[in-house]
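Basis for what follows: all heavy atoms, side chains included, without hydrogens, waters or symmetry-related copies. Note that ligands are numbered from 1 as they come in the structure, with each ligand's atoms numbered from 1 the same way.
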Amino acid sequence: MTDATTLVILGASGDLTSRLLLPALGQLLTREPARSVRIIGADREEWTDAELQAVVRTAFASMGAEDAASRVEARYARTDITRDEDLRSLLSGLAGRVALYFAVPPSVATASIATLTPDMLPAGAMLVMEKPFGTDEESARELNRVLTALVPESQVFRVDHFLGRSTTLNLLGARFANRILEPLWSAESIASVDIVYDESLALEGRAGYYDHAGALVDMIQSHLLQVLAVLAMEEPAALDEIDFRAATGAVLRATSVWGDDPAASSRRARYTAGEIDGDAKPSYVDEPGVDPGNRTETLAEATFEVRNARWAGIPFRLRSGKALGTPAREIVVRFRPVRHLPHGLTGTSDGAVLRFSLGPDRMSLELNLNASEDPFELERATLSAELGEGALKAYAEVLSGVLDGDPMLSVRGDAAEESWRIVAPILEAWRRGDVPLDDYVAGSSGPEGWPAND
Ligand code: NDP
């Protein structure tokens with residue numbers, strides 16, 4: 001039996017709790033029945049324990065985790081988490097392993113953390129922070145300062161569920177367990193890398209958050225830069241919180257906008273009315289709650305360079321957007337062509353392409369092989385493997401780290417600051433108007449004139 005962990009969910013009646021956090025917990029407890037977790041839900045709602053338990057049951061049922069729901073104890077405490085006396089009474093008497101999950105808007109989390117004092121926290125308490133972590137490098141640094149005045153860095157969990165995605169973790173096996181890949185994993189053999197995460201989903205009522213974030217901050221600043229860090233890191237001696245996070249952190253410290261020219265290295269666009277899978281979608285600017293004056297992009301693309309001996313000179317193109325038709329979600333590693341093709345062999349000599357597709361997870365390798373019709377002519381052939389989804393969904397993978405007290409798959413404080421530092425020149429260039437805000441029709445593959453995903 002694993003020791004019980006008390007999961008204090010701050011913002012228990014919110015969307016994240018019911019849609020992602022509790023279903024992930026249900027999946028985890030079904031997969032690992034010996035794990036024991038006690039939930040304390042805190043929010044401003046006038047709820048009873050029974051009302052929280054009903055929310056837990058519904059969320060667990062969405063993952064087929066009804067059995068786990070009957071095992072888990074859930075208690076509700078009406079709390080304003082920005083008030084000193086409320087926090088004291090919520091946390092007093094808690095012992096053992098305790099995790100405080102801030103499932104509240106960032107401004108509320110910041111206010112709550114500013115109210116907390118070390119004496120209110122149970123010994124060893126873990127603080128779990130959602131994205132976005134700060135709004136720029138400075139605010140992320142300040143948030144880190146306040147957090148690490150409360151608990152040591154190893155007890156701070158900055159959630160980025162992309163680090164728990166099986167595709168991100170598949171990069172580790174593919175690279176580090178195969179002698180045919182790792183020796184080629186550098187600018188010597190690789191020409192470019194694309195990390196693309198397009199969605200067909202449009203705004204889906206999330207204007208309050210998204211209209212101030214946009215695609216660059218919502219996806220590239222947080223998730224996709226973490227994927228880049230895993231792809232580009234040096235080989236860690238061990239997959240643990242120290243070595244893994246040192247290796248990914250070093251990549252981010254070495255990463256900057258391509259050519260230090262944000263205007264030439266980034267693009268942005270916003271969707272107009274269109275149709276996705278037969279459903280009519282309004283223009284982004286006509287979505288409820290959107291202020292067109294914010295000029296929020298719903299599609300962002302930016303190219304970065306990792307300036308170290310392994311990667312200097314190689315473009316890493318990161319792209320993410322909403323309301324796109326046939327959305328691509330993949331990591332594409334393009335190898336250089338061979339230096340010389342023997343005379344007598346004709347046809348394509350393009351470099352090999354290694355592709356990790358996300359959802360359904362698949363890995364494929366495109367190579368040049370001799371054609372069956374004419375062995376002196378080359379043609380493309382693709383080897384591919386289905387990778388399966390992973391036993392746990394990404395949120396459950398990250399949550400299991402929280403409940404185990406293992407922050408390996410959480411973003412370290414300096415890495416959170418670095419990711420803001422990396423995108424800051426682009427945000428400034430966009431604010432200055434140096435990069436046009438293009439349009440694309442919802443359901444299309446993006447604006448005309450942009451390079452297509454292939
Ligand atoms: P919601 O607004 O849906 O939920 C927040 C909850 O916190 C509400 O129930 C709210 O109650 C409660 N709350 C607000 N202020 C206080 C307070 N002072 N004391 C106690 N409770 C309070 O937000 P989300 O669940 O959508 O988001 C939570 C966090 O998760 C955010 O940081 C968000 O960026 C992040 N996130 C969300 C995702 C999602 O899909 N929802 C995805 C990824 C990250 P009340 O209604 O009374 O204000």
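- Counting protein heavy atoms only, atom 34 (O) of ligand 1 is closest to K131 O, 2.8 Å.
- Between the side chains of D43 and Y76, no donor-acceptor pair of N or O atoms lies under 3.5 Å.
- When only non-hydrogen protein atoms are considered, atom 11 (O) of ligand 1 lies nearest to D43 OD1, 3.1 Å.
- A donor atom on one side chain and an acceptor atom on the other are found under 3.5 Å apart for T296 and D211.
- When hydrogens are left out, the protein atom nearest atom 40 (O) of ligand 1 is R19 NH2, 2.4 Å; that is the closest non-hydrogen contact.
- For atom 2 (O) of ligand 1, the closest heavy atom belonging to the protein is P105 CG, 4.1 Å.
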Note to self: Applying ring-ring contact (aromatic ring centres under 6.0 Å, His included) to Y271 and Y284, what does each step give before you reach the verdict?
What the structure shows: CA-CA 6 Å; Y271 65 82; Y284 177 77; 5.7 Å; yes

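- Atom 18 (N) of ligand 1 has its closest protein heavy atom at D80 OD1, 2.9 Å.
- Note: R253 CZ to I422 CD1 = 10.5 Å, rounded to the nearest 0.5 Å.
- Inclusion of V104 in the set of residues having an N or O under 3.5 Å from an N or O of ligand 1 is warranted.
- Counting atoms of ligand 1 from 1 in the listed order, those under 4.0 Å from a heavy atom of R206 are 37 (C), 38 (C), 39 (C), 40 (O).
- If you check which protein heavy atom lies closest to atom 20 (C) of ligand 1, you get T79 O, 3.2 Å.
- Stacking of R158 on the aromatic ring of F133 is recorded, both the 6.0 Å distance cut-off and the 45° axial limit being met.
- Looking at L28 and V37, their side chains never come closer than 4.5 Å, going by heavy atoms from C-beta outward.
- Looking at atom 26 (O) of ligand 1, its nearest protein heavy atom turns out to be D15 CB, 3.7 Å.
- Of the protein's non-hydrogen atoms, the one nearest atom 44 (C) of ligand 1 is E130 OE1, 3.2 Å.
- Side-chain polar atoms of S13 and W47 form no donor-acceptor pair below 3.5 angstrom.
- In S13, the parts holding a heavy atom less than 4.0 Å from any atom of ligand 1 are both the side chain and the backbone.
- Looking at Q27, its side chain does come within 3.5 Å of a backbone N or O of K393 through a donor-acceptor pair.
- Proximity to G14 (heavy-atom distance under 4.0 Å) selects the following atoms of ligand 1: 3 (O), 4 (O), 6 (C), 9 (O), 25 (O).
- Salt bridge absent: R206 and E204 never bring a charged side-chain N and a carboxylate O closer than 4.0 Å.
- Close placement of the W311 and F316 rings is indicated, their centers lying within 6.0 Å of each other.
- Not one N or O of Y209 is nearer than 3.5 Å to an N or O of ligand 1, by distance alone.
- Within the listing of ligand 1, atoms 34 (O) sit less than 4.0 angstrom from a heavy atom of P132.
- No cation-pi contact links K131 to F162, judged by a cut-off of 6.0 Å to the six-membered ring centre and 45° from its axis.
- The shortest N or O to N or O distance between G11 and ligand 1 is not below 3.5 Å.
- Under the side chain to side chain donor-acceptor pair (under 3.5 Å) criterion, E66 pairs with no residue at all, not counting sequence neighbours.
- Residue contacts with ligand 1: L16 is placed with a nitrogen or oxygen under 3.5 Å of a nitrogen or oxygen of the ligand (distance criterion only).
- Short contacts between ligand 1 and V108, defined as distances under 4.0 Å to a heavy atom of the residue, involve ligand atoms 15 (N), 16 (C), 17 (C), 18 (N).
- Any N or O atom pair closer than 3.5 Å counts here, and R44 shares at least one such pair with ligand 1.
- With a 4.0 Å cut-off on non-hydrogen atoms, L10 does not touch ligand 1 at all.
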